[in-house]
J.: 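First, the structure itself, so that you have it in front of you.
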Amino acid sequence: MNAVSNAAGFPLLSLITWLPLVGCLILMLVRGDEPTVASNARWTALWTSLLVMVLSLVLWVKFDPSEAGFQFNEHVSWLPEYKVGYSMGVDGISVLFVLLSTVLTPVCILASWESIQTRVREFMMSFLILETMMVGMFAATDFVVFYMFFEGVLIPMYLIIGVWGGPRRVYAAVKFFLFTLTGSVLMLLALIAMWQQAGTTDIPTLMQTVFPLHMQTWLFLALFASFAVKVPMWPVHTWLPDAHVEAPTAGSVILAGVLLKMGAYGFLRFSVPMLPDASAYFSPFVFTLSVVAVIYASLVALAQEDMKKLVAYSSIAHMGVVTIGIFTINVQGISGALFQMLSHGVVSAALFLIVGVVYDRIHSREIARYGGLADRMPAYALVFMLFMMASVGLPGTAGFVGEFLVIIGALQVNFWLALLGGAGMILGAAYMLYLYRRVIFGRITKDDLRHILDLSPREWVVFAPLIVLTLWMGIYPSSFTSFFDASVGAMVQHHTAALAATTKLAGILN
Amino acid sequence: MLFSIAVFAPLAGALVSGLLGKSIGDKAAMGASILGMVIAAICGPLAFFQMSVGGADPSVIDLGTWIESGRFHVQWALRYDTLSAAMVGMVSFVAMLIHVYSVGYMGHDARPRYRFFAYLSLFTFAMLMLVTADNLAQLFFGWEGVGLCSYLLIGYWYDRPSACAAAIKAFVVNRVADLPFAVGLALIFFKFGSIEFAVIFPAVAQHGADTYALFGTTYSAIETIGFLLFIGAMGKSAQLGFHVWLPDAMEGPTPVSALIHAATMVTAGVFLMARMSPLMEYAPYALGFVTFVGASTALFAATIGCCQNDIKRVIAYSTCSQLGYMFAAAGVGAYQASVFHLITHAFFKALLFLSAGSVIHAMSDEQDMRKMGGLAKIIPVTCTVMWIGNLALAGIPPLAGSYSKDAIISATYASGTAVGMYAFICTLLAAFLTAFYSWRLLFMTFHGKSRADHHTLEHAHESPWVMLAPLVALAFGAVFAGWALNAWFIGADWHHFWNGAIFNGPHNEVIENLEHVPSWVEGAPLILGLLGIALAYLMYIRNPLLPVRLAQQFGGIYRFVLNKWYFDELYDAIFVQPLIRLARVLWQVGDATIIDGVPNGLAELTSDGSRQLVKFQTGSLAVYAFVMLIGVVVLVGIFMLSR
């Protein structure tokens with residue numbers, strides 16, 4: 001039984017999801033000597049990802065923001081006896097992440113145009129597979145399908161780090177894989193338990209299912225183990241700096257831009273709506289870990305001597321703000337968290353590209369290796385300044401809106417949560433400005449920096465969409481928040497109603 | 001319309017000169033930036049006169065939606081009322097003069113100048129957005145925007161390590177204060193359901209009894225908000241405790257010091273108090289704290305100003321001190337007097353900084369007053385305008401300062417509260433010190449014998465007209481602004497002038513009472529000022545050896561004041577160094593050893609364990625057979641026994 005009834009009139013989400021794999025197939029067929037294959041692989045991958053991006057723009061145009069539920073639904077019967085189906089759909093929470101993935105993929109491919117010179121075809125194939133997995137994960141409305149995509153992401157990412165990474169790439173890749181896989185096993189258990197309770201793995205149905213209280217606790221912890229590693233929350237964050245340092249630039253970009261959002265997305269898709277009582281019960285615990293993450297990671301970032309590690313630790317701090325926002329479970333908190341996820345997706349991706357620019361030229365990520373670049377690279381300094389300020393959360397850039405909304409949401413829970421969770425505002429400024437000073441300001445003292453070249457046209461093309469997005473999201477953020485306003489409102493309402501029902505039930509039992 | 005043009009013309013100038021500066025050339029970029037400012041400086045004051053003379057009604061110019069999330073809603077909008085119009089008029093006019101001055105001052109800079117002008121114009125735009133905000137989020141936009149531009153301009157000479165350090169310090173110290181400010185905004189939303197002025201202000205009276213739990217007890221919600229907002233204001237306006245960034249900010253080019261660290265940005269905190277007066281009036285404890293901090297800063301900064309030798313730093317501490325006056329006035333409810341002083345101060349302090357720039361320009365970038373002296377004959381115009389600026393600052397009638405500063409001192413007395421009395425004493429003492437350090441500066445720079453080396457003296461010259469013209473214009477402001485604006489700002493008809501832009505609580509009659517203070521209160525500031533001048537004359541002209549002898553005799557006190565009460569060292573010891581050490585520990589011990597120790601340890605355990613297990617696989621058939629036999633025996637044994 002196939003059911004496609006959506007605004008696009010055809011299975012748009014499946015097309016977006018699987019089209020990269022078609023590109024992958026074409027890549028496999030390319031023949032010729034090494035440079036021809038490499039060049040063809042680059043162009044094929046770029047065109048495929050651009051086509052996917054254009055297709056995904058239909059979502060932007062046709063998505064109905066006033067509707068809180070899933071749209072563009074598709075359903076294919078798969079394992080009917082177990083009530084497991086291949087179903088796709090996006091709501092306000094997921095739709096922008098699909099777009100984030102499809103926008104960042106061509107950026108990544110373009111960014112690796114010159115820096116990847118070995119096994120280009122395989123690299124591009126990994127990236128296209130990764131795109132399929134990411135989009136599929138955000139678009140899945142069946143837990144089993146979600147799980148498969150969620151785990152599937154690991155494989156291409158593991159290869160990207162392990163094959164095209166730096167000197168300690170194998171250590172980093174294995175660490176990345178093992179950390180994230182350990183959590184996932186527990187998620188599988190939770191999945192089976194939820195299926196047993198509800199009799200289906202359909203996500204909209206699961207959202208309406210009321211899980212008994214004691215079960216919620218265990219389910220929450222199992223899911224938490226999986227999502228917390230992905231976010232990553234303190235203290236299971238140490239895989240991230242290693243993975244970032246060793247990954248090639250494009251790998252870092254997609255890791256920071258999209259993969260880090262998977263954990264937080266999981267909280268929003270499963271933990272909060274399906275396990276309302278447990279979410280409320282555990283929220284102080286999550287707040288504690290998040291506040292520690294913000295302060296701890298920011299401080300560690302201050303001490304870093306490696307540019308990529310610094311940006312990686314700043315990501316951990318920013319994601320701490322996201323988890324605070326999610327578990328405030330009020331409209332401003334969750335909207336802020338979603339916005340912060342999107343803006344971090346753009347800004348941290350851009351910051352890794354910024355590091356990539358000088359790494360491509362000097363082949364070092366060590367901060368002390370640079371200094372005084374402003375003289376030779378004024379355009380680079382300007383672009384760096386913009387993204388640094390966005391990372392610091394300057395109003396008018398993307399970074400401000402999310403952080404500010406989370407502070408507003410957090411204050412409705414607790415004063416100290418708002419104050420300590422906002423500490424990133426201070427520490428973030430300290431470590432980013434310190435980084436900028438050491439790299440851009442000062443006098444050039446290293447010889448090879450005297451002839452370093454400013455941004456090339458290709459690099460401008462890479463940065464241009466991110467610059468536009470950063471300013472657009474900062475000056476006119478309502479064009480983004482309007483997508484998820486209805487869904488977030490419904491989620492908060494649902495949560496409040498569920499908590500009220502539990503309280504009422506407890507009253508009757510007493 | 002005029003109002004919107006005044007706000008956005010500087011932005012246009014900044015964008016043209018900043019983004020196109022490289023392609024259209026330095027001159028054209030500078031021209032674009034100045035053109036934008038000239039347009040703003042025509043429209044801004046005109047918009048102000050439309051309001052004050054023409055009697056235009058306050059209005060809001062809506063520009064579009066900014067942030068929307070559930071009930072939370074923020075618009076981009078310009079608020080046009082007396083307060084914002086006065087600020088726009090002042091900011092655009094002073095900023096325009098500083099732009100013109102910069103053409104001359106930056107003339108010798110080796111780097112292309114379009115970057116400098118883009119920053120200056122962008123700064124002006126951010127400041128205008130701040131003062132015209134119709135809600136607290138947009139105010140915060142401007143607030144952070146001026147912070148960014150101040151960072152960029154302090155660090156303009158980015159190849160100087162001290163400039164970079166000062167820039168970072170300014171931004172981070174400001175951020176420390178901004179966090180409580182942001183939390184304060186969140187609390188306002190929590191209590192009022194909006195952060196738009198039009199919603200908050202009428203609702204304050206109803207929320208007067210709201211409480212908010214903090215530190216285990218409950219406080220008045222309005223008081224809590226008042227305190228949080230004021231902490232933000234303390235950061236931006238460099239009040240006691242947060243003042244450390246301001247003197248270091250003198251690393252920037254002198255026009256920057258004049259624009260940012262005298263006339264505009266640092267007054268943002270004072271503006272915030274005036275803007276939020278409808279709320280602050282219901283927070284008496286917070287207001288008491290405002291007065292206390294303001295008055296303490298006024299005196300504290302003045303003491304440091306007396307011992308500094310860098311000409312710009314003297315003026316920087318003087319700024320800090322004058323801002324303290326403004327807060328002291330705001331805290332006793334005399335917001336009108338505080339905004340009045342804000343405006344007059346903008347004229348004479350910009351004048352002082354730019355004249356100091358002219359001196360530095362003449363002396364081949366020398367800033368140490370100990371190497372100056374006797375310059376009056378070489379640079380007479382600069383000397384004259386600087387005298388005017390200092391006369392205005394010291395409050396000698398009929399110059400600008402005498403109106404606004406005396407109004408503040410009278411207001412603290414008229415308030416009749418204990419903290420008001422404290423402020424009265426502090427501001428009076430500070431008035432004495434202000435006059436002293438101002439004339440110390442004048443005497444050391446322009447009079448007496450020259451202490452400069454002859455090489456510098458040979459090159460000393462009066463600045464070009466493009467620098468002197470703005471000085472003369474500002475000098476006119478310093479002379480006449482107080483006389484011209486007095487009647488409007490705090491005169492008998494102030495109700496009509498302010499037209500509700502500033503709110504005074506039902507029992508707040510401090511502005512009315514200003515005029516009725518005893519005559520000794522009105523006369524005291526002038527007498528103390530003259531005494532300060534006399535003392536400076538005694539110490540630096542009549543008996544130039546006296547200061548040295550005093551410094552030797554009271555070495556402890558002298559060093560304490562000279563080293564700025566050791567605030568920088570204290571902060572370094574209790575905040576900066578421990579945090580840096582903590583960061584290292586967290587990284588190398590917390591992350592690398594403890595957290596990573598678990599997975600790495602597990603991994604080692606696995607590989608070690610398997611290495612041990614491998615030893616069982618000897619490959620010897622006999623051993624395998626023997627082990628199997630033992631196994632069989634054990635299994636059979638268990639089976640037999642358990643049956």
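Chain letters run A, B, ... following the sequence lines, proteins first, then strands; residues in each count from 1. This structure is a prediction, so every number in the text was calculated from the model and none was measured.
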J.: At a heavy-atom distance under 4.5 Å, which candidate from A:G371, A:G474, A:G442, A:A429 has the highest pair count against chain B?
T.: A:G442
J.: Got more than 12 heavy atoms from elsewhere within 6.0 Å of CD, A:Q493?
T.: no
J.: With respect to chain B, which residue among A:T182, A:L394, A:L302 yields the maximal number of heavy-atom pairs within a distance under 4.5 Å?
T.: A:L394
J.: Rounded to the nearest 0.5 Å, how far does OH of A:Y431 lie from CD1 of A:I426?
T.: 12.5 Å
J.: Could you look at B:L185 and say if it's the side chain, the backbone, both or neither that has a heavy atom under 4.5 Å from chain A?
T.: side chain
J.: With rounding to the nearest 0.5 angstrom, report the CE to CZ distance, A:M377 to A:F384.
T.: 10.5 Å
J.: Who among A:L433, A:V331, A:D242 has the most heavy-atom pairs with chain B under 4.5 Å?
T.: A:L433
J.: Heavy-atom cut-off 4.5 Å, strictly under: side chain, backbone, both or neither for A:I407 against chain B?
T.: both
J.: Under a 4.5 Å heavy-atom cut-off, does chain B meet the side chain of A:L382, its backbone, both or neither?
T.: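 Just the side chain, heavy atoms under 4.5 Å.
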J.: Under 3.5 Å, side chain of A:R376 to main-chain N/O of A:R450, donor-acceptor pair present?
T.: yes
J.: Roughly how far, to the nearest 0.5 Å, is CD1 of B:I225 from OG of B:S220?
T.: 8.0 Å
J.: What part of A:M425 gets within 4.5 angstrom of chain B, counting heavy atoms only: side chain, backbone, both, or neither?
T.: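 Contact with chain B: backbone and side chain both.
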J.: Counting the benzene-type ring for Trp, do B:Y219 and B:F227 have ring centres under 6.0 Å apart?
T.: no
J.: Using non-hydrogen atoms and a 4.5 Å limit, figure out which bit of B:F189 sits close to chain A: side chain, backbone, both or neither.
T.: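 Contact with chain A: side chain only.
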J.: Does anything in residues 480-488 of chain A get under 4.5 Å of chain B by heavy atoms, and if so which residues?
T.: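 Against chain B, the residues of residues 480-488 of chain A that fall inside the cut-off (heavy atoms, under 4.5 Å) are A:T481, A:D485.
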J.: Is chain B contacted by the side chain of A:V392, its backbone, both, or neither, given a heavy-atom distance below 4.5 Å?
T.: both
J.: Measuring heavy-atom distances to chain B, does A:F339 have an atom under 4.5 Å in its side chain, in its backbone, in both, or in neither?
T.: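 For A:F339, there is no contact with chain B at all, as no heavy atom is under 4.5 Å.
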J.: Quick one: which of A:L178, A:V401, A:I475, A:L405 has the most heavy-atom pairs under 4.5 Å with chain B, could you say?
T.: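 Heavy-atom pair counts peak at A:I475.
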J.: Between B:W66, B:W157, B:F190, which has the largest tally of heavy atom pairs under 4.5 Å with chain A?
T.: B:W66
J.: Can a side-chain donor-acceptor contact be found between B:D62 and B:Q75 if the only test is distance below 3.5 angstrom?
T.: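 B:D62 and B:Q75 do have a side-chain donor-acceptor pair below 3.5 Å.
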J.: Which bit of B:L228 comes within less than 4.5 Å of chain A, counting heavy atoms only: side chain, backbone, both or neither?
T.: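 Interface part for B:L228: side chain.
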J.: Please state whether the side chain, the backbone, both or neither of B:A165 comes within less than 4.5 Å of a heavy atom of chain A.
T.: both
J.: Report which part of B:K169 has an atom under 4.5 Å of a heavy atom belonging to chain A: side chain, backbone, both, or neither.
T.: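 Contact with chain A: none, neither part.
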J.: Fit a plane to each ring of A:F404 and B:F140, take the angle between them on a 0 to 90° scale, and name the class: parallel (under 30°), tilted (30 to 60°) or perpendicular (over 60°).
T.: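 A:F404 vs B:F140 ring planes: parallel.
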J.: Can any side-chain N or O of A:K446 pair as donor or acceptor with the backbone N or O of A:A368 at less than 3.5 Å?
T.: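 Yes; at least one donor-acceptor contact below 3.5 Å.
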J.: Of the listed residues (B:R175, B:E68, B:R584), which shares the most heavy-atom pairs with chain A below a 4.5 Å separation?
T.: B:R175
J.: Given the options B:L152, B:V172, B:V183, which has more heavy-atom pairs under 4.5 Å with chain A than any of the others?
T.: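 Answer, by heavy-atom pair count under 4.5 Å with chain A: B:V183.
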J.: When the ring centroid of A:Y313 is compared with that of B:W587, is the distance short of 6.0 Å?
T.: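 No - the distance between ring centres of A:Y313 and B:W587 does not fall below the 6.0 Å cut-off.
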J.: Do the side chain of B:S121 and the main chain of B:A118 share a donor and acceptor less than 3.5 angstrom apart?
T.: no
J.: Please flag which part of A:M432 lies under 4.5 Å from any non-hydrogen atom of chain B: side chain, backbone, both or neither.
T.: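 Neither part, no heavy atoms under 4.5 Å.
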J.: Quick one: does any side-chain atom of A:D454 pair with a main-chain N or O of A:Y380 as donor and acceptor, under 3.5 Å?
T.: yes
J.: Between B:D26 and B:R113 (side chain of the first, backbone of the second, donor and acceptor by atom type, cut-off under 3.5 Å), is there such a pair?
T.: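 Checking the backbone N and O of B:R113 against the side chain of B:D26, a donor-acceptor pair under 3.5 Å is found.
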J.: Heavy-atom distances under 4.5 Å only: say whether B:L582 touches chain A with side chain, backbone, both or neither.
T.: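 For B:L582, side-chain heavy atoms alone lie under 4.5 Å from chain A.
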J.: Does any backbone or side-chain atom of A:P378 lie under 4.5 Å from a heavy atom of chain B? Answer side chain, backbone, both or neither.
T.: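 Just its side chain gets close to chain B.
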J.: Less than 4.5 Å to any heavy atom of chain B: does that hold for the side chain of A:N330, its backbone, both, or neither?
T.: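 Neither part; nothing is under 4.5 Å.
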J.: Would a distance-only check, ignoring hydrogens and angles, find a side-chain to backbone donor-acceptor pair under 3.5 Å from A:Y436 to A:A381?
T.: yes
J.: Are A:I467 and A:F387 packed together at the side-chain level, in the sense that at least one heavy-atom pair is separated by less than 4.5 angstrom?
T.: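 Answer yes - side chains close enough.
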J.: Would you mind checking which part of B:L63 comes under 4.5 Å of any heavy atom in chain A, side chain (CB onward), backbone (N, CA, C, O), both or neither?
T.: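 For B:L63, neither part sits under 4.5 Å from chain A.
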J.: Which atoms of B:D178 are under 4.5 Å from chain A, going by heavy atoms: the side chain, the backbone, both sets, or neither?
T.: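 The answer is both parts of B:D178.
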J.: Going by atom types alone, do A:T180 and A:W239 pair a side-chain donor with an acceptor below 3.5 Å?
T.: no
J.: Please check: side-chain N/O of B:R71 versus main-chain N/O of A:Q332, any donor-acceptor pairing under 3.5 Å?
T.: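 Flag not set: sc B:R71 to bb A:Q332 has no pair under 3.5 Å.
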J.: What part of B:W76 lies closer than 4.5 angstrom to a heavy atom of chain A: side chain, backbone, both or neither?
T.: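 For B:W76, the side chain is the part near chain A, not the backbone.
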J.: Okay, side chain of B:Y119, backbone of B:Y151: is any donor-acceptor separation there less than 3.5 Å?
T.: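 Not at all, since once roles are kept as given, no pair shorter than 3.5 Å links the two residues.
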